[in-house]
**Q** 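First the structure, then my questions, so here it is.
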Amino acid sequence: MKIASWNVNSLRVRLPQVLDWLATARPDVLAMQETKLVDEDFPEVDFEAAGYKAVYAGQKTYNGVAFASRLPARDVTIGIPDFDDPQRRVLAATYGDVRVINLYVPNGQSVDSDKYRYKLDWLDRLTGYLQHALEHYPHLVVLGDFNIAPEDRDVHDPDAWRGQVLFSEPEHAAFRRLLALGMCDTFRQFDQAEKSYSWWDYRMNAFRRNMGLRIDHVLASHALCKSCVASAIDTEPRRSERPSDHAPVVAEFNVRGVRD
DNA sequence: ATGGCGCGCGCAGCGCGA
């Protein structure tokens, strides 16, 4: 079972690239973030024509999360339970015997902003939700745009970024708390090239210079981690014309019940 | 020297992302 995460930065603009990538990479499940579409405008028919079912939770202009999958989703839920948040940032569904939770974690803007406070509060709420989810679903994948670079090796210039949003100690502590619930970062279960990142600023030729951050993650419960056979960042779509600023992250698990 | 780029909205230039 191949599960991927991709912040597409507007599905309206990126749809052709997403469909191309699905045809090439053939994931069983793709979790998308920043679709920036209301549900009425979601291009469900285009995914169906490509052999993928879609579920989505969008809003006008900002945020928005969605799944595309080869088999239909079961038990779809939107948002964090008992957390009244109009921002569409969380979508969960079950595929086979794997529960998948798709996240678009708030950016935070800067450490002295109200948005940073919202981010930390939001991560607290998420922690409670995931603790509950892990008790109910031994096979749990939590993936998406976390807007946190966990370690020095996930940042092109850690000394310049230290203490800044995406790389501050409170965010690191929140990320460690998520892992401590009983999950692994699948990417770090395997040997990886140095300077592996999932996001590069559009400005300053950052991608060409590989000035990036690894902020998109695929976490898995310990039971699933044991059956994880690969986890990698696919930088190919970032090279194309009008790319998203994020690259897809793909993890593969040896579990049955998902492919036809 | 806080811009730089890309997106949405909407028709000028701003808010936002990371």
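What you see is a predicted model; the values in this text were computed from it and never measured. Only heavy atoms go into these numbers, but all of them, side chains included; no hydrogens, no water, no symmetry mates. Residue numbers start from 1 in every chain, and the chains themselves are labelled A, B, ... in the order their sequence lines are given, proteins ahead of strands.
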**Q** Would you mind classifying the nucleic acid contact of A:F167 as base, sugar-phosphate or nothing, using non-hydrogen atoms under 4.0 angstrom?
**A**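 Result for A:F167 = nothing.
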
**Q** Which dot-bracket string fits DNA chain B when only Watson-Crick or G-U wobble pairs with both atom distances under 3.5 Å count, crossing pairs get [ ], and | stands for a partner on a different strand?
**A** ....(((((...))))).

**Q** Are the side chains of A:D121 and A:R125 in contact, using a 4.5 Å heavy-atom criterion?
**A**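 SC-SC contact between A:R125 and A:D121 ruled out.
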
**Q** Are side-chain heavy atoms of A:H246 and A:V8 found at a separation under 4.5 Å?
**A**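 A:H246 vs A:V8: side chains apart.
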
**Q** According to disulfide bond (SG atoms under 2.5 Å apart), who are the partners of A:C184, at least two apart in sequence or on a separate chain?
**A**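 Residues passing disulfide bond (SG atoms under 2.5 Å apart) with A:C184: A:C225.
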
**Q** Using the C1' atom in both, what is the distance from B:dG4 to B:dG17, to the nearest Å?
**A**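 About 14 Å, rounded to a whole number of Å.
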
**Q** Using the C1' atoms only, state how far B:dG13 lies from B:dG3, rounded to an integer number of Å.
**A**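 Nearest-Å result for B:dG3 against B:dG13 at atom C1': 16 Å.
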
**Q** Is the closest side-chain heavy-atom distance between A:Y52 and A:L30 below 4.5 Å?
**A**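 No - every pair of side-chain heavy atoms lies 4.5 Å or more apart.
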
**Q** For DNA chain B, whose closest nucleotide is more 5', that of A:N147 or that of A:V13?
**A**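 Here A:V13 is the residue nearer the 5' end.
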
**Q** Which is true for A:K119 with a 4.0 Å heavy-atom rule: it touches a base, it touches only sugar-phosphate, or it touches nothing?
**A**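 No contact.
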
**Q** Toward the 5' end of DNA chain B, which comes first, A:P243 or A:N107, by nearest nucleotide?
**A**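 Final value for this comparison: A:P243.
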
**Q** Assess the side chains of A:S244 and A:Q17: does a donor N or O sit below 3.5 Å from an acceptor N or O?
**A**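 There is no such pair (donor and acceptor under 3.5 Å, judged by atom type) between the side chains of A:S244 and A:Q17.
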
**Q** Less than 3.5 Å apart, any donor N or O on the side chain of A:N7 or A:E34 sitting next to an acceptor on the other?
**A**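 Yes.
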
**Q** Taking the P atom in each of B:dA12 and B:dT2, what is the distance between them to the nearest angstrom?
**A**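 So the two P atoms sit 29 Å from each other.
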
**Q** Applying salt bridge (charged side-chain N to carboxylate O under 4.0 Å, His left out), which residue pairs with at least one partner in residues 129-151 of chain A are found, sequence neighbours left out?
**A**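 Pairs touching residues 129-151 of chain A that pass the test: A:E151-A:R153.
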
**Q** Using a 4.0 Å heavy-atom cut-off across all strands, classify A:Q164 as base, sugar-phosphate, or nothing.
**A**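 Touches nothing.
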
**Q** What contact category does A:N7 fall into here, base, sugar-phosphate, or nothing, at under 4.0 angstrom with non-hydrogen atoms?
**A**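 If one applies the 4.0 Å heavy-atom cut-off, A:N7 turns out to touch the sugar-phosphate alone, with no base involved.
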
**Q** Earliest and latest nucleotide of DNA chain B, 5' to 3', sitting under 4.0 Å from a non-hydrogen atom of chain A?
**A**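 Range of nucleotides within reach of chain A: B:dG4 to B:dA18.
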
**Q** What residues form a ring pair (Phe, Tyr, Trp, His ring centres under 6.0 Å) with A:F175, not counting sequence neighbours?
**A**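 Scan of A:F175 (ring pair (Phe, Tyr, Trp, His ring centres under 6.0 Å), adjacent residues dropped) gives A:F146, A:H217.
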
**Q** Could you give all pairs that pass the side-chain hydrogen bond (donor to acceptor under 3.5 Å, both in side chains) test and reach residues 159-174 of chain A, with sequence neighbours left out?
**A**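 Sorted result for residues 159-174 of chain A: A:Y116-A:S168, A:K119-A:E171, A:D152-A:R162, A:H156-A:W161, A:D159-A:R162, A:S168-A:E171, A:E169-A:R176.
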
**Q** If the P atom of B:dG10 is compared with that of B:dC14, how far apart are they to the nearest Å?
**A**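 Roughly 16 Å separates the two P atoms.
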
**Q** Quote, to the nearest angstrom, the P distance that separates B:dG8 from B:dA18.
**A**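 So the two P atoms sit 14 Å from each other.
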
